[in-house]
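Protein chains get the first letters and strands the later ones, always in sequence-line order, with residue 1 at the start of each.
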2 protein chains.
Amino acid sequence: MTGKLSDRNQEVLQAIVQHYIVTAEPVGSRTLEKTFNLGISSATIRNVMADLEELGLIEQPHTSAGRIPTDKGYRYYVDYLMMIQRLTVDEKECIQDEYQAKINELDRVLRGTSKILSLLSKQTGVVIAPNIVDSRCQNLQLIRLTSKKILMVTVTYAGLVKNNIIYIDKDLSQEILNDFSREINKKIIGVSLGEAKKIIAKELQRKKREFLAMSELARKMISEISLPLEERQLFLDGSTNIIDNPEFHYADKIKKIFTTLYEKKTLIDIMNNCLTDSGNGVNVVIGEENPYETMKNCSLVTAIYKIDDKPMGALGIIGPTRMPYDKMVSIVDFTAKFINNLLRKMP
Amino acid sequence: MTGKLSDRNQEVLQAIVQHYIVTAEPVGSRTLEKTFNLGISSATIRNVMADLEELGLIEQPHTSAGRIPTDKGYRYYVDYLMMIQRLTVDEKECIQDEYQAKINELDRVLRGTSKILSLLSKQTGVVIAPNIVDSRCQNLQLIRLTSKKILMVTVTYAGLVKNNIIYIDKDLSQEILNDFSREINKKIIGVSLGEAKKIIAKELQRKKREFLAMSELARKMISEISLPLEERQLFLDGSTNIIDNPEFHYADKIKKIFTTLYEKKTLIDIMNNCLTDSGNGVNVVIGEENPYETMKNCSLVTAIYKIDDKPMGALGIIGPTRMPYDKMVSIVDFTAKFINNLLRKMP
DNA sequence: ATTAGCACTCACTCTAAACGAGTGCTAATA
DNA sequence: TATTAGCACTCGTTTAGAGTGAGTGCTAAT
């Protein structure tokens, strides 16, 4: 990053970013002089602007237009200039209310979170569910549906429920399944599902004789436990808000971004990156910094959430690069902390 | 409906509709003369057009433009003129392949269906899941999670699985829950969930003494079984295809229709109407015929699907009024029949 | 009844001119 | 030496007007 700017240059950059975020119009020197109290004339502002442009922090869409921030400019703003806005009482209450409303399973918590994120930010809210394989197992039950069909229900401590249907050749009574479930539960409670898989496999080896009748079932259970990444749940809300932004007033742009958003695979990938990238706080990815072509005129503000103090999923806001970062950061931050708390209490 | 048209008038109408569906441009008399072999001159075509306009079947966007079909015109076309297109071998295979791929639960069948509908139609595919309350119960199990938390799993014959978490004050062991599950299952297997609710309630009355310990649980089970309408599952795919249509090239129109599509409540309502409206075949709702304001420049092609020969849900295609109805009808028809068949075989 | 021909309409396109927001540079100023 | 006022210049946008052409409706001839 270019060394720190002089105070005055910072002030001008800040003014440009803030004004542009609101108006979405290139901002000129006279406008700045009038609307902000910078204490310098438009001519001086022009000189400063020339400097900032040389540093690549702002640019002109065309010769006789005002300046707009570049991605690098936003980055500087986010890193050094913005004041984290505190949420209003109303906004905080809005978040708290959302979770008050008899929400209890993780699934619903996450669904509600993406909703609340989009509501507060007026942008697109997104939440990625934990990879269930990493979650600690609370219970595993087998339910006989027909002579050939068994339902396996897995519940994690976080409250994630997974259903798998298993087809077997041998008819097993519910009583046998109950015994088997109890047996397995003893071994795997508190273990991650990934581990549980191994334990079942080992058990299958060791107790071959007793398990014999079950071996087919056990094998199939093991293969069902692994959930491919692409099926990982993603909650998306408020995507239509994107259309309100003037930068997305053209059908082709809308098409592009919507296709990306609803191509769940890409979005899951993106959110997954956030999971590893961001430390504990809020992570901001601006425009071109984004690895995905179709997202290059979007910014992401994300944070991770934890279960049992282990990072499990990510949540965030997607919007145009021109975005009130200060506000977004505080919304994401507050929400992440809130559901971290909630998930700690949940079981 | 206006009485039947003369053969020649029909031919002209048909030509107009077909041409407009492809080009999305108002079609003039000379164009018709050249591209269709109607055997009459443009002047005569103009006369016919004047008649059709008087009947409200076509209209001019402005004085010196060609004609475009009105909703009434499309309606006449759909009712009397269009030839149902047979699907190509490729298309049929596409549908069959989709269901070959180890899909077994209803949930996945429906998800796949909306996907395949959008893929073949290049429009938006939509499927509404059965209201679980109407479905026949195959199994109900209770799983103890913690001392205060019980998971209720309900499975219907169609393969629909529902999870509810119940909070109770009294700690009940898994063994007790197993017994209770077995007891209840005996009574309610094969009964609709709506009925099952009543049966549990009655049982609760009758066996008050034995059930006593369970009464809290039973009461809570009953209240959980009812699923509010808005939670009814809806599968939507290919909504971004809408943007490709020239009539949706303006951001505000896109916004409007997307908001409706993702406001699940409205869409569920719409699909619900289709369930009652359409008889056995394919139902077409054109533009203004649609009760919902925001859908008035869209058409719907829908059909219902059955489980145990009872209409359970609906599936269909959403697109602009200018839509190749013949193709759409055959896609919807074939798909509906296909999954009807599939659902009959499934259990 | 059909058709050829013609006058008329009106959205769209193209061009040129006027406009104005904004810049960069220079000379004057504190 | 840093700042500012002033001015010439740039270039996207707006506006008005002429021209174009697809298409119509009407009328007279076939």
**OP:** Please find out if less than 6.0 Å separates the ring center of Tyr80(A) from that of Tyr74(A).
**Re:** no
Subject >> Pairwise 5' ranking along DNA chain C for Thr44(B) and Ser64(B), keeping only the more 5' one >> reply: Thr44(B)
Subject >> Heavy-atom donor-acceptor pair, Tyr250(A) side chain to Pro246(A) backbone, under 3.5 Å >> reply: no
Subject >> Candidates dA4(C), dA5(D), dG23(D) - which lies nearest the side chain of Thr31(B) >> reply: dG23(D)
Original post:
For Asn47(B) and dG25(D), what is the distance between atoms CG and C1' respectively, to the nearest whole Å?
Top reply: 9 Å
Original post:
How many Å lie between CZ on Arg30(B) and C1' on dG5(C), as a whole number?
Top reply: 13 Å
Subject >> Rounded distance in Å - CZ (Arg46(B)) to C1' (dT2(C)) >> reply: 12 Å
Original post:
Looking across every strand, which nucleic acid part, if any, lies under 4.0 Å from Ser42(A) by heavy atom: base, sugar-phosphate, or nothing?
Top reply: nothing
Original post:
Going through the distances and angles, do Tyr262(B) and Thr266(B) end up as a side chain to side chain contact (heavy atoms under 4.5 Å, CB included)?
Top reply: CA-CA 9 Å; Tyr262(B) 286 97; Thr266(B) 319; over 6 Å; no
Original post:
Any side-chain N or O of Thr63(B) less than 4.0 Å from the OP1 or OP2 oxygen of dG23(D)?
Top reply: no
**OP:** Identify whether any heavy atom of Ala65(A) sits under 4.0 Å from a base atom; if not, whether one sits that close to sugar-phosphate; answer base, sugar-phosphate or nothing.
**Re:** sugar-phosphate
Original post:
Quick one: Ile45(B) CD1 to dC26(D) C1', roughly how many Å, whole number?
Top reply: 17 Å
Subject >> dA29(D) pairs with, by Watson-Crick or G-U criteria that keep both distances under 3.5 Å >> reply: dT2(C)
**OP:** In plain terms, say whether Lys327(A) and Glu91(A) are close enough for a salt bridge, that is, a side-chain N and a carboxylate O under 4.0 Å apart.
**Re:** yes
**OP:** For Lys122(B), look at atom NZ and say whether over 12 heavy atoms of other residues, nucleotides or ligands are found less than 6.0 Å away.
**Re:** no
Original post:
Taking atom P of dA22(D) as reference, at what distance in whole Å does atom NZ of Lys34(B) sit?
Top reply: 8 Å
Subject >> Length of the CE-P vector between Met49(B) and dG23(D), whole Å >> reply: 9 Å
Subject >> Whole angstrom value for the distance that separates P of dG12(D) from CZ of Arg67(A) >> reply: 15 Å
Original post:
Between His62(A) (NE2) and dG12(D) (P), how many Å, whole number?
Top reply: 6 Å
